Structure formats: structure tokens, C-alpha cells
Amino acid sequence: MTTTLPKIKLTLFQLAVLRQHYKPQQEISTQITPQEDVYGLLEELGKQKLLQAIALIPNNPQLSYEQAGIQLAILDHFHAHPEHFEFLNQKTLNTLNEAPEILYADGEKALITIDRKCYRYEKDTIFD
């Protein structure tokens, strides 16, 4: 039986960042092709989360893997605890653009964009 992989576009740098984040203890084998590596991540994460993770990794090899993958921990928390994230509609985003101090009015908060939607979260809920 032949398995057909969905078309997933990513760079080798992005693959390395994903590997570092999701399989840090696993040694990189020269016997495994990048396609097989992507398939393993696809099985582990699912297509939606894998595509979201790729979108969060800037394709900038000047960054360390840790710097490039910083938002992956936030994505993991988003999937595990969606109740910690507040969807921001366009009206709210416009208000934040006009008065960014509102973002921090009730604690240390940050924004993340997942699937072209913006969410606000408290940094303490993720990085504690």
C-alpha cells in the first residue's frame, strides 16, 4: 500500500526547527529522508497543527532554532488550552492599533496569529 503525503511546503531550516521542538531527544538519522521526517511530524501533530507550526517559523537561517521556534510553545498551549486565548475581531484590532497600551491594561499580554486569526493571551499562562 502506498501512502501519499499531502503537499506541505517548508524549508529544511523550518523542518530542523520543528524537529528540534517536537523531537529534541531523537537523533537525526541520515537514513531518513526529509519527506519521511515530515510524514512523522504529520502523524504526530496532524495536518492542521503542522501547517500552523510551519507558518509560525520565520524562514531565516540567521536565527537559532530556539529563536525561530519560540512561538511553537504558544501554539502547543493554544491547542491544549484554547480557553486561555481570546479571539480578536477586526474592530478590537483597530482599537489596539490606535491605543496599544490597552493590550497591557490588565496584565502582561501578547498577540499571536494562527490561521490568519489574531488571538490575545496572558504571557503568565504560558511561560510559568
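Bear in mind that the values here come from a model prediction, so they are computed numbers and not experimental data.
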*Go through the steps to decide whether N94 and E98 satisfy the test side-chain hydrogen bond (donor to acceptor under 3.5 Å, both in side chains), and finish with yes or no.*
CA-CA 6 Å; N94 291 342; E98 293 169 7; over 6 Å; no
*Which value, rounded to the nearest 0.5 Å, describes the distance between L51 atom CG and I8 atom CD1?*
5.0 Å
*Do you know which two heavy atoms are closest between G40 and K23, and how far apart they sit?*
C-NZ, 3.9 Å
*asked:* What's the separation between atom CG in L56 and atom OG1 in T113, rounded to the nearest 0.5 Å?
replied: 8.5 Å
*Is there a side-chain contact between L18 and L72, using heavy atoms and a 4.5 Å cut-off?*
yes
*Can you say whether the rings of F85 and Y121 are parallel (under 30°), tilted (30 to 60°) or perpendicular (over 60°)?*
tilted
*Is the H81 ring parallel, tilted or perpendicular to the H77 ring (thresholds 30°, 60°)?*
tilted
*Between P58 and A68, what is the shortest heavy-atom contact and its length?*
CD-O, 3.5 Å
_Working to the nearest 0.5 angstrom, can you tell me the gap between D76 CG and Y22 OH?_
3.5 Å
_So for atom CD, which belongs to E43, do other residues, nucleotides or ligands contribute more than 12 heavy atoms lying within a distance under 6.0 Å?_
yes
_Non-hydrogen side-chain atoms of I112 and C118 separated by less than 4.5 Å_ = no
*asked:* Looking at I57, is its backbone amide N or carbonyl O close enough to the side chain of Q14 to form a donor-acceptor pair, meaning the two atoms are under 3.5 Å apart?
replied: yes
*Measure the CG-CD distance between L15 and Q35 for me, rounded to the nearest 0.5 Å.*
9.5 Å
*Starting from the C-alpha separation in whole Å, work towards a yes-or-no answer on side chain to side chain contact (heavy atoms under 4.5 Å, CB included) for E44 and Y39.*
CA-CA 9 Å; E44 182 179 336; Y39 184 72; over 6 Å; no
*Out of Q20, H21, R19, which residue meets the side chain to side chain contact (heavy atoms under 4.5 Å, CB included) rule with Y65?*
Q20
*Is there side-chain contact between Y119 and I114, with heavy atoms separated by less than 4.5 Å?*
yes
_Within the structure provided, determine whether L10 and N59 are in side-chain contact (heavy-atom separation under 4.5 Å)._
no
*Roughly how far, to the nearest 0.5 Å, is the CZ atom of F78 from the NZ atom of K49?*
10.5 Å
_Short side-chain to backbone donor-acceptor contact, D115 and K117, under 3.5 Å_ = no
*Work out which heavy atom in L50 is nearest to a heavy atom in L41; give both atom names and the distance.*
CD1-CB, 4.2 Å
*Would you find a donor on one side and an acceptor on the other, under 3.5 Å apart, between the side chain of T33 and the backbone of E36?*
yes
